[in-house]
Amino acid sequence: MHNLFIAEIIKLKRKKILALIVAAFVIDVVIILTTINDGMPQPQFLGLYRRAFTTISSVLHPLIISLIGIYIVSDEYKNDTINHIVTAPVPPAKFVFAKIMILQALTLLLTIAVAIIFGICFILFGEGNSIKLLENVILHLFVNSITFTLAFLPILLIVIIFRSNIIIPIVSLLVFSGVIILKNSGTISVTSNSISEWVLNYLHPLGNASMIDSALTYRFVPNPEVYGIISPDINWAVSLACFLGVLLLSVGFSIVILNRQNH
């Protein structure tokens, strides 16, 4: 697995993917800078945490990493390297896990860079906030980097199903994420104890990750009610069970389909 992971890093260098990560970080910095002085009547660091943080960790990073995932997997099919990999001494399971590991590594790389920027912003604009808030922000950032990246694993399954065709996975990604963005913005309403709540808040892994994110925001922000942050009605047992269940199904079907494609 170690050698496979190193091979994935070499492929990233060859395909200029790391340049895209640098570009994503530049966008992060722009979002943070434009958020600092937006005229909101909150302490500046707390306002930065509530707005720039959500945009970066819950929307921008997952979408960029998912697009990279679509590209690197479909490229294996396009160049026919997938057949050489999975018919060699590399089982399909290792191939899938190597892709997941490299995507998580890229996410963590971005997260560490953004965490450093948040630390600098705390020094500059954190007057009146305790160091505990900064610790919570960094912890929240890393939890989001893991959960939101894993939430897009069903898209990896779609890429494997459609092989070198990247149009369908990209359209699926837009629909997959668009539904939850519309729900979070209030465009799509979700009533309590309804089918829509179960589908969008629990069965949909991205909606589930958003619920977890909201719960963590409520817990980490001091005096959340003062800033209009409402405690989400989340059933943690159901949430985690659905989240892990969808991820295991996505990974399991990906491995099964890879096996069938190469026999």
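- Formation of a donor-acceptor pair under 3.5 Å by the Y202 side chain with backbone atoms of N235 is found in this model.
- Judged purely by atom type and a 3.5 angstrom limit, S239 has no side-chain atom pairing as donor or acceptor with the backbone of W236.
- Taken to the nearest 0.5 Å, the CZ atom of F162 stands 4.0 Å off from the CD1 atom of I168.
- In this structure, the side chains of F176 and I155 come closer than 4.5 Å at one or more pairs of heavy atoms.
- Between atom OG of residue S145 and atom NE2 of residue H140 there is a gap of 10.5 Å, rounded to the nearest 0.5 Å.
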Intermediate values then yes/no, side chain to side chain contact (heavy atoms under 4.5 Å, CB included), Q104 and L150:
CA-CA 8 Å; Q104 282 289 0; L150 291 177; 3.3 Å; yes
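- By the criterion of side-chain heavy atoms lying less than 4.5 angstrom apart, applied directly or through intervening Ile, Leu, Val, Met, Phe, Trp or Tyr residues, M101 is grouped together with I255 in one hydrophobic cluster.
- Residues T107 and L110 have side chains not in contact (no heavy-atom distance under 4.5 Å, counting atoms from C-beta outward).
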Before giving the answer on side chain to side chain contact (heavy atoms under 4.5 Å, CB included), spell out for S194 and E197 the whole-Å C-alpha distance, their side-chain angles and the decisive distance to 0.1 Å.
CA-CA 5 Å; S194 65; E197 180 189 30; 3.8 Å; yes
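- Rounding to the nearest 0.5 Å gives a distance of 7.5 Å between CD1 of I116 and CZ of F25.
- Residues I158 and L249 fall within the same hydrophobic cluster, defined by Ile, Leu, Val, Met, Phe, Trp and Tyr side chains chained together at heavy-atom separations under 4.5 Å.
- The backbone N or O of Y71 lies less than 3.5 Å from a partner atom in the side chain of S74, making a donor-acceptor pair.
- Summarising the geometry of Q261 relative to I160, their closest heavy-atom pair is NE2-O, 2.8 Å, with the distance given to 0.1 Å.
- Annotation for I234 and A215: closest pair CG2-CB, 4.3 Å, computed over non-hydrogen atoms.
- Linking Ile, Leu, Val, Met, Phe, Trp and Tyr residues whenever their side-chain heavy atoms come within less than 4.5 Å places I180 and I70 in a single cluster.
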Which is it for I161 and F253 under the side chain to side chain contact (heavy atoms under 4.5 Å, CB included) test, yes or no, and what are the steps along the way?
CA-CA 10 Å; I161 292 173; F253 278 116; over 6 Å; no
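- Atom CG of D213 is separated from atom OG1 of T217 by 4.5 Å, given to the nearest 0.5 angstrom.
- At a threshold of 4.5 Å between non-hydrogen side-chain atoms, the residues P205 and L153 do not count as touching.
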Check against side chain to side chain contact (heavy atoms under 4.5 Å, CB included), D28 and I117
CA-CA 9 Å; D28 291 341; I117 297 297; over 6 Å; no
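- The closest side-chain heavy-atom distance from N144 to T111 is not below 4.5 Å.
- Residues L63 and S177 come closest through the heavy atom pair CD2-OG, 3.7 Å.
- Looking at heavy atoms from C-beta onward, I65 lies out of side-chain contact with F148 at the 4.5 angstrom threshold.
- Taking OG of S254 as the start and NZ of K99 as the end, the distance is 12.5 Å to the nearest 0.5 Å.
- Connection of V22 to L67 is not established within any shared hydrophobic cluster, with ILVMFWY side chains joined at heavy-atom distances below 4.5 Å, either directly or through further cluster members.
- Between P62 and F152, the shortest heavy-atom contact is CB-CE1, 3.2 Å.
- The side-chain heavy atoms of I102 and I68, taken from C-beta on, include no pair separated by under 4.5 Å.
- Counting heavy atoms from C-beta on, the side chains of I100 and V251 come closer than 4.5 Å.
- Remark: L203 CG to F243 CZ distance equals 13.0 Å, nearest 0.5 Å.
- You'll find the side chain of P154 reaches within 4.5 Å of the side chain of V246, heavy atoms only.
- The one candidate from L206, I195, I188 that meets the side chain to side chain contact (heavy atoms under 4.5 Å, CB included) condition with L200 is I188.
- The nearest pair of heavy atoms linking A24 to L60 is O-CD2, 4.3 Å.
- Put simply, I21 and I112 are part of the same group of oily side chains (I, L, V, M, F, W, Y) that touch within less than 4.5 Å, one to the next.
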